[in-house]
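Notes follow once the structure below has been shown.
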Amino acid sequence: MALVGWLWADLLLGLFALFLAANSAGTPIRAAEGIDPTPVELRIAVDGAALLAGGPAADREQARVAGEAERMLAQAAGSRRVAIVLAFARHASPGEGDRIATLATERLREGRFSGSVVKTYHELATGDAGTLLSLEVYLFH
């Protein structure tokens, strides 16, 4: 008679486990709806010194980078809109690489990039003074 309570508790626990298993079966976990999980990778040569110096040279370089990114993306992805951009600027210094990535992507806010999220990072490369911007572009389906 003393074991009846434990038997009842074990029976309820077993039924609860079966209920959870039955309700979780067939529910796939997917990536964010509407965003293609495979990025389009773009590599653009940049003039890091001009971007860091500021002024008209930096403005020209920003416009050139934005135009080049738009052109390359049109070739690779057609008319699909951009959801997320991860930008990596190559430089020997992490701080300068972050600054170059931020400055180089300043004009990626218009056209198909409108409304997208742009995150900037550095890519360490010994002896590099800011010569390459790598973009991982995630597109809407």
Side-chain angles (χ1 to χ4, degrees), residues 2-141:
L3 297 177
V4 171
W6 286 108
L7 181 62
W8 179 250
D10 287 343
L11 181 63
L12 284 177
L13 183 61
L15 287 173
F16 179 69
L18 287 173
F19 174 77
L20 286 178
N23 282 330
S24 66
T27 308
I29 298 174
R30 293 192 267 172
E33 291 288 330
I35 298 177
D36 187 352
T38 305
V40 173
E41 296 183 13
L42 308 176
R43 301 214 186 293
I44 302 171
V46 295
D47 184 354
L51 288 167
L52 293 172
D59 290 341
R60 282 191 300 275
E61 185 64 7
Q62 288 173 336
R64 187 193 66 77
V65 168
E68 186 70 12
E70 188 74 38
R71 183 189 64 74
M72 292 171 79
L73 190 58
Q75 287 178 346
S79 62
R80 293 169 56 194
R81 285 186 356 105
V82 176
I84 302 167
V85 178
L86 303 179
F88 300 89
R90 187 180 292 177
H91 198 280
S93 164
E96 297 300 300
D98 284 339
R99 284 186 56 214
I100 291 171
T102 301
L103 292 167
T105 58
E106 190 68 34
R107 296 217 180 151
L108 291 183
R109 309 280 191 253
E110 301 163 358
R112 82 174 67 220
F113 289 93
S114 178
S116 65
V117 175
V118 179
K119 299 297 282 181
T120 57
Y121 303 97
H122 62 271
E123 177 184 341
L124 290 177
T126 305
D128 198 313
T131 59
L132 184 68
L133 179 70
S134 300
L135 301 176
E136 291 183 11
V137 182
Y138 293 86
L139 304 165
F140 288 108
H141 282 291

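As the structure is a prediction and not an experimental result, all values here were calculated from the model.
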What are the two closest non-hydrogen atoms of [X] and [Y], and how far apart are they?
X: Ala129; Y: Ile100; answer: O-CD1, 4.3 Å
X: Ala92; Y: Gly127; answer: CB-N, 3.7 Å
X: Ser93; Y: Leu124; answer: C-CD2, 4.2 Å
X: Gln62; Y: Leu103; answer: NE2-O, 2.9 Å

### Query
Of all residues at least two apart in sequence or in a different chain, which pass the side chain to side chain donor-acceptor pair (under 3.5 Å) check with Thr102?
Thr120

### Query
Excluding sequence neighbours, so at least two apart, what forms side chain to side chain donor-acceptor pair (under 3.5 Å) with Glu61?
Arg64

### Message
Any heavy-atom pair between the side chains of Phe113 and Val85 that's under 4.5 Å?
### Response
yes

### Task
Taking the side chain as every heavy atom from C-beta outward, state whether Asp59 and Arg107 have any pair of such atoms under 4.5 Å apart.
yes

Would you mind writing out the side-chain donor-acceptor pairs for residues 65-77 within the sub-3.5 Å range, not counting sequence neighbours?
unit_1: Glu68; atom_1: OE2; unit_2: Arg71; atom_2: NH2; d: 2.5
unit_1: Glu70; atom_1: OE2; unit_2: Arg112; atom_2: NE; d: 2.9

### Task
Starting from the C-alpha separation in whole Å, work towards a yes-or-no answer on side-chain contact (heavy atoms from CB on, under 4.5 Å) for Val118 and Arg109.
CA-CA 9 Å; Val118 179; Arg109 309 280 191 253; 3.1 Å; yes

Please report the interatomic distance [atom1]([X]) to [atom2]([Y]), rounded to the nearest 0.5 Å.
X: Ser116; Y: Arg81; atom1: OG; atom2: CZ; answer: 8.5 Å
X: Asp36; Y: His141; atom1: CG; atom2: NE2; answer: 5.0 Å
X: His122; Y: Glu96; atom1: NE2; atom2: CD; answer: 12.0 Å

Pair up each side-chain donor or acceptor in residues 132-140 with any protein partner under 3.5 Å, not counting sequence neighbours, and list the distances.
unit_1: Ser134; atom_1: OG; unit_2: Arg43; atom_2: NH1; d: 2.8

### Query
What pairs of residues pass the side-chain hydrogen bond (donor to acceptor under 3.5 Å, both in side chains) test when at least one of them lies in residues 9-22, not counting sequence neighbours?
none

### Task
Please step through side-chain contact (heavy atoms from CB on, under 4.5 Å) for the pair Glu123 and Asp128, ending with a clear verdict.
CA-CA 10 Å; Glu123 177 184 341; Asp128 198 313; over 6 Å; no

### Sequence-distant partners of Ala50, side-chain contact (heavy atoms from CB on, under 4.5 Å), two or more places apart
Asp47, Ala57

### Task
Apply side-chain contact (heavy atoms from CB on, under 4.5 Å) to the pair Leu86 and Tyr121, showing each step before the final yes or no.
CA-CA 8 Å; Leu86 303 179; Tyr121 303 97; 4.0 Å; yes

